[in-house]
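In what follows, a single structure is set out as structure tokens and then discussed.
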Protein chains: 2
Amino acid sequence: MPKIVAERSDVIPSLAEIFREYGFDGASLSTITEKTGLGKGSLYHFFPGGKEEMAAAVLGEIDEWFATQVFEPLRSADDPRSAITSMCSSVAGYFRSGRRVCLIGAFALDNVRNRFSDRVRDYFAEWRGALASALERAGCPERDALALAEETVVAVQGALVLARALDEPEVFERTLERIQSRLIAATGGDEQR
Amino acid sequence: MPKIVAERSDVIPSLAEIFREYGFDGASLSTITEKTGLGKGSLYHFFPGGKEEMAAAVLGEIDEWFATQVFEPLRSADDPRSAITSMCSSVAGYFRSGRRVCLIGAFALDNVRNRFSDRVRDYFAEWRGALASALERAGCPERDALALAEETVVAVQGALVLARALDEPEVFERTLERIQSRLIAATGGDEQR
DNA sequence: GTCTATATGGAGATAGAC
DNA sequence: GTCTATCTCCATATAGAC
């Protein structure tokens, strides 16, 4: 039985989709009221800091999702190899196989970056670091691990740009498959089958 | 002896830098007048269509630069291998080794994409197609050529996102070196030295 | 071509009733 | 917690003198 009365946390997913679709500057308060179904009164009740606080809340939720679903498993799983393949499917799911853009990547290229630069930087640094850690524990030499982790994050972000630009989600799917084979190969290939 | 009176084409490079720095929505007309040193009168004299026409002019100039400096050489050079290495250095120079973002990539992730979707799509499609053509002519099988061309454009765009997000231009430099070795390897490696 | 002044709309944000 | 009404400001764009 869903509550009629909204809670702050109920609104954040809608806000995320809105910012993804319109960008930070492009998402006006009227767009937001329309798409969320909430009036400005409610919006400012939940987010007294206005649009900036809304975006910060969205970024916070994204951070948290990746931290628990992706970064922590990569850093602490007993089996780093399976954490890596699991990362690939989580990421494919999260970005809807290339049909959804990365809000943090979009913010990174925008001028709003300056308002959220710490969060933007930490997100990518965490991802790269956590994946490198998993690769190392899976037997990859440190130098290779760092390079391959960076290559992976670069490929994911680039694929999202291209998939959106060309309106070809398959670019993302192909990229993710390619990178996954490379990650598997670097952690000992098929030998453990 | 520089002319005092501005010409339309003189303004476009400044506009490009402004859109790169502030984004389309983030670049207000007051920002633009301030940074270009031109009043609104002059701006609307050159670009009667306003900001949208300014952005279109910038995109047109970028298109043209890439067409003549990168795409055409890739498609028609007698020596496709050297056209490929030359692409890498042109691209490194153009993006200032990762300190400059790709405006078209940024537009692709933004909602302004909808206003310029044809140009955005064509730019990336052209790049991927031209590079694939050069790879094929350099002896790469068609399937591999397409995949590697796509991987290259993905890597460049992703590296620009990450370099900007992390404030680490080296990410771009490392990526470009890695991709260049891969391109060279795919066209026969060092054997022709 | 370039400027200043101005029109007009929509932006983000607030107030206060319910 | 949600609404409507309202405020202020700055956005884009225009007009017309020089």
Side-chain angles (χ1 to χ4, degrees), chain A residues 1-59 61 103 106-107 110-116, chain B residues 1-59 61 103 106-107 110-116:
Chain A
M1 190 85 167
K3 286 186 286 188
I4 303 298
V5 175
E7 287 187 21
R8 193 184 128 111
S9 56
D10 297 335
V11 197
I12 296 180
S14 312
L15 290 175
E17 285 314 311
I18 295 166
F19 285 129
R20 257 185 262 273
E21 190 173 342
Y22 297 93
F24 182 78
D25 288 316
S28 73
L29 282 198
S30 11
T31 308
I32 297 174
T33 52
E34 187 192 332
K35 300 267 174 186
T36 59
L38 288 176
K40 295 186 189 182
S42 307
L43 253 10
Y44 276 89
H45 173 71
F46 291 135
F47 307 96
K51 239 172 80 166
E52 183 146 344
E53 188 174 340
M54 297 177 206
V58 167
L59 292 183
E61 222 207 30
L103 187 61
F107 275 21
D110 199 276
N111 70 314
V112 286
R113 189 192 92 98
N114 300 314
R115 309 196 203 190
F116 303 108
Chain B
M1 190 88 166
K3 289 185 286 189
I4 302 299
V5 175
E7 286 188 20
R8 194 183 128 111
S9 57
D10 296 336
V11 196
I12 297 180
S14 311
L15 289 175
E17 285 314 310
I18 294 166
F19 286 129
R20 258 185 260 273
E21 189 173 344
Y22 296 94
F24 183 78
D25 288 317
S28 73
L29 283 199
S30 12
T31 309
I32 297 174
T33 52
E34 187 193 333
K35 300 268 176 188
T36 59
L38 288 176
K40 296 185 189 182
S42 306
L43 252 11
Y44 276 90
H45 173 72
F46 291 134
F47 307 95
K51 239 172 78 167
E52 183 146 345
E53 189 175 340
M54 296 178 209
V58 167
L59 292 184
E61 222 208 30
L103 187 61
F107 275 22
D110 199 276
N111 70 314
V112 286
R113 189 193 91 99
N114 300 313
R115 309 196 205 191
F116 303 108

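A quick note: this is a predicted structure, and the numbers were derived from the prediction, not measured. Worth knowing before you read on, the calculation uses all heavy atoms, side chains too, and leaves out hydrogens, waters and symmetry mates. Quick note on labels: first sequence line is chain A, next is B, and so on, each numbered from 1.
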Ser30(A) vs Thr33(A), side chain to side chain donor-acceptor pair (under 3.5 Å): CA-CA, chis, key distance, verdict: CA-CA 5 Å; Ser30(A) 11; Thr33(A) 52; 5.6 Å; no
For atom CE of Met54(A) and atom P of dA11(C), their distance in whole Å: 14 Å
Length of the line joining Leu29(B):CG and dT14(D):P, which is rounded to integer Å: 11 Å
Shortest non-hydrogen contact between Ser14(A) and Thr36(A), atoms and distance: CB-CG2, 4.1 Å
Mutual orientation of the aromatic rings belonging to Phe116(B) and Phe107(B) [parallel < 30°, tilted 30-60°, perpendicular > 60°]: parallel
CG on Leu103(B) to CD on Glu17(B), rounded to 0.5 Å: 9.0 Å
Might you list the N or O atoms of the protein lying below 3.5 Å from N or O atoms in nucleotides 3-9 of chain D, with each pair's distance?
{"unit_1": "dC3(D)", "atom_1": "OP2", "unit_2": "Gly39(A)", "atom_2": "N", "d": "2.7"}

Nearest atoms (heavy-atom pairs only) where Ala57(A) meets Phe47(A): CB-CE2, 3.8 Å
Value in whole Å for how far the P atom of dA11(D) lies from CG of Asn111(A): 12 Å
Ser30(B) vs dA11(D): side-chain N/O to OP1/OP2 distance below 4.0 Å: yes
Closest non-hydrogen atom pair between Lys51(A) and Phe24(A), with its separation: NZ-O, 2.8 Å
Listed partners of Glu34(A) passing side-chain contact (heavy atoms from CB on, under 4.5 Å), at least two apart: none
DNA chain C contacts among residues 43-53 of chain A, heavy-atom distance under 4.0 Å: Tyr44(A), Gly50(A), Lys51(A)
Presence of Ser28(B) side-chain N/O under 4.0 Å of dC10(D) phosphate oxygens OP1/OP2: no
Nearest-angstrom distance from the residue atom CG of Asp25(B) to C1' of dG10(C): 13 Å
Residue pair Glu21(B) / Asn111(A): nearest heavy atoms and the distance that separates them: O-CB, 3.6 Å
